[in-house]
Amino acid sequence: MIITWLFAIASVTFVSLLSLIGIVFISVNEEKLRRIIFIMVSLAVGALFGDAFIHLLPESFERGQSPVETSIYILAGILIFFILEKFLLWRHQHVLDSIDHVHPIGYMNLASDAIHNLIDGMIIGASYLVSPAIGIATTTAIVFHEIPHELGNFFVLLHARFTVRKALLFNFLSAIFAILGSIISLLIGSHVRSFSVFIVPVAAGGFIYIAGSDLVPELHKEIDPRKSALQLLSIAAGISVMLLLKKLD
């Protein structure tokens with residue numbers, strides 16, 4: 001159990017530190033930044049779908065009491081993430097189109113991002129309760145997703161009239177909610193054996209929702225054949241990483 005805690009806390013700490021990535025790219029020109037985000041969003045699609053279908057769903061059906069119950073949990077995950085996005089103003093800032101918009105309520109953006117990170121942390125913690133391999137796969141998928149997300153968040157805060165230092169500080173403070181989320185999952189999971197039976201398929205549903213509803217529509221905005229082919233290759237690379245981690249399980 002100690003090893004599980006160490007791996008989980010180390011993983012969410014690493015994910016939280018990604019909130020500081022904006023400082024690395026603040027001097028990068030807009031065109032290069034677009035290319036970076038373009039690749040990372042495609043990788044995130046492959047990694048999120050790959051983790052859901054290769055790792056989380058098989059594990060969910062294996063551990064679940066019945067296929068119907070597990071399917072309901074998966075659908076619940078999709079609906080939960082839909083509700084969060086609808087009612088908590090959860091905005092995934094993956095593309096620079098959103099950077100051009102001055103956010104009038106930067107603190108609301110931070111609050112919704114803190115909830116986002118809390119859930120990410122809970123998913124990572126629950127994944128490590130299943131096995132280290134599933135935990136690593138889930139962390140990898142979240143990392144691919146978080147890089148463009150945190151970049152977008154950072155620039156949204158700058159355009160909401162935050163200073164660079166203040167944007168980095170508040171973005172990091174919202175990111176460390178992932179550590180709290182992981183601790184909550186680990187504490188509940190250590191006392192409630194059925195916790196992972198519920199949270200893992202919910203996480204799978206959430207990943208399917210994020211990849212399919214949030215990220216894929218962004219990829220469809222690109223119609224250039226060569227760039228579309230690069231998108232496909234990047235998605236395949238994200239899936240391949242999940243397959244490789246499965247082989248190492």
Side-chain angles (χ1 to χ4, degrees), residues 11-51 85 90-103 106 109-110 112-113 116-117 120 124 136-160 162-172 174-175 178 207 210-242 244-245:
S11 293
V12 290
T13 300
F14 176 73
V15 170
S16 297
L17 289 173
L18 290 176
S19 63
L20 302 175
I21 198 170
I23 196 66
V24 178
F25 293 96
I26 196 167
S27 61
V28 175
N29 66 64
E30 186 175 312
E31 184 58 36
K32 182 176 281 189
L33 190 57
R34 285 181 184 275
R35 289 201 296 269
I36 293 168
I37 293 177
F38 171 82
I39 296 296
M40 288 308 305
V41 171
S42 302
L43 280 170
V45 169
L48 290 168
F49 275 140
D51 190 35
E85 190 165 40
W90 183 353
R91 296 284 187 261
H92 289 270
Q93 307 293 345
H94 298 291
V95 291
L96 290 185
D97 294 339
S98 59
I99 292 172
D100 295 331
H101 174 63
V102 177
H103 203 299
N109 184 69
L110 286 168
S112 61
D113 194 46
H116 165 123
N117 292 319
D120 278 350
I124 290 173
I136 291 169
T138 298
T139 301
T140 303
I142 287 176
V143 164
F144 283 147
H145 173 234
E146 280 301 299
I147 290 175
H149 173 78
E150 293 297 347
L151 269 176
N153 248 11
F154 174 67
F155 285 104
V156 163
L157 292 177
L158 289 183
H159 281 278
F162 282 65
T163 64
V164 171
R165 182 176 295 181
K166 193 173 180 181
L168 285 170
L169 174 62
F170 278 86
N171 210 30
F172 178 70
S174 73
F207 280 10
I210 292 169
S213 174
D214 245 2
L215 304 186
V216 169
E218 295 295 345
L219 300 185
H220 281 316
K221 292 178 181 179
E222 180 57 65
I223 57 175
D224 180 83
R226 287 179 297 179
K227 290 184 177 179
S228 296
L230 184 57
Q231 284 178 334
L232 187 60
L233 288 173
S234 299
I235 291 170
I239 294 171
S240 297
V241 170
M242 294 299 113
L244 178 62
L245 290 172

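Fair warning: this is a prediction, and the values are worked out from it, not measured in the lab.
Remark: L215 CG to L48 CG distance equals 6.5 Å, nearest 0.5 Å. Atoms CG and CG, from D51 and L245 in turn, are 8.5 Å apart once rounded to the nearest 0.5 Å. Here the CD-CG distance, from E150 to L17, works out to 10.5 Å after rounding to the nearest 0.5 Å. Atom OG1 of T163 sits about 9.0 Å away from atom CZ of F170, to the nearest 0.5 Å. How far CG of L20 is from CG of L168: 6.0 Å, rounded to the nearest 0.5 Å. Residue D113 holds its CG atom at 9.0 Å from OG of S19, rounded to the nearest 0.5 Å.
With sequence neighbours excluded, the residues satisfying side chain to side chain contact (heavy atoms under 4.5 Å, CB included) with I39 are L43, L230, S234. Checked against side chain to side chain contact (heavy atoms under 4.5 Å, CB included), L233 has no partners two or more places apart in sequence or in another chain. Partners of A167 under the side chain to side chain contact (heavy atoms under 4.5 Å, CB included) rule, at least two apart in sequence or in another chain, are F154, L157, L158, F162.
Heavy-atom contacts from other residues, nucleotides or ligands closer than 6.0 Å to CZ of F172 number more than 12.
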**Asked** Could you walk me through whether I147 and I36 pass the side-chain contact (heavy atoms from CB on, under 4.5 Å) check?
**Response** CA-CA 10 Å; I147 290 175; I36 293 168; 5.6 Å; no
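For the residue pair S174 and N117, the shortest heavy atom distance occurs at O-ND2, 3.0 Å. Of all heavy-atom pairs between S11 and I124, the closest is CB-CG2, 4.1 Å.
Contact of the T140 side chain with the M242 side chain is registered, since non-hydrogen atoms from C-beta on lie closer than 4.5 Å. In this structure, the side chains of I21 and E146 stay at 4.5 Å or more apart for every pair of heavy atoms. I235 has its side chain out of reach of F49: every pair of non-hydrogen atoms, C-beta onward, lies at least 4.5 Å apart.
A side-chain donor-acceptor contact under 3.5 Å links S16 to the backbone of A175. Checked by atom type and distance alone, the side chain of D120 never pairs as donor or acceptor with a backbone atom of A178 at under 3.5 Å.
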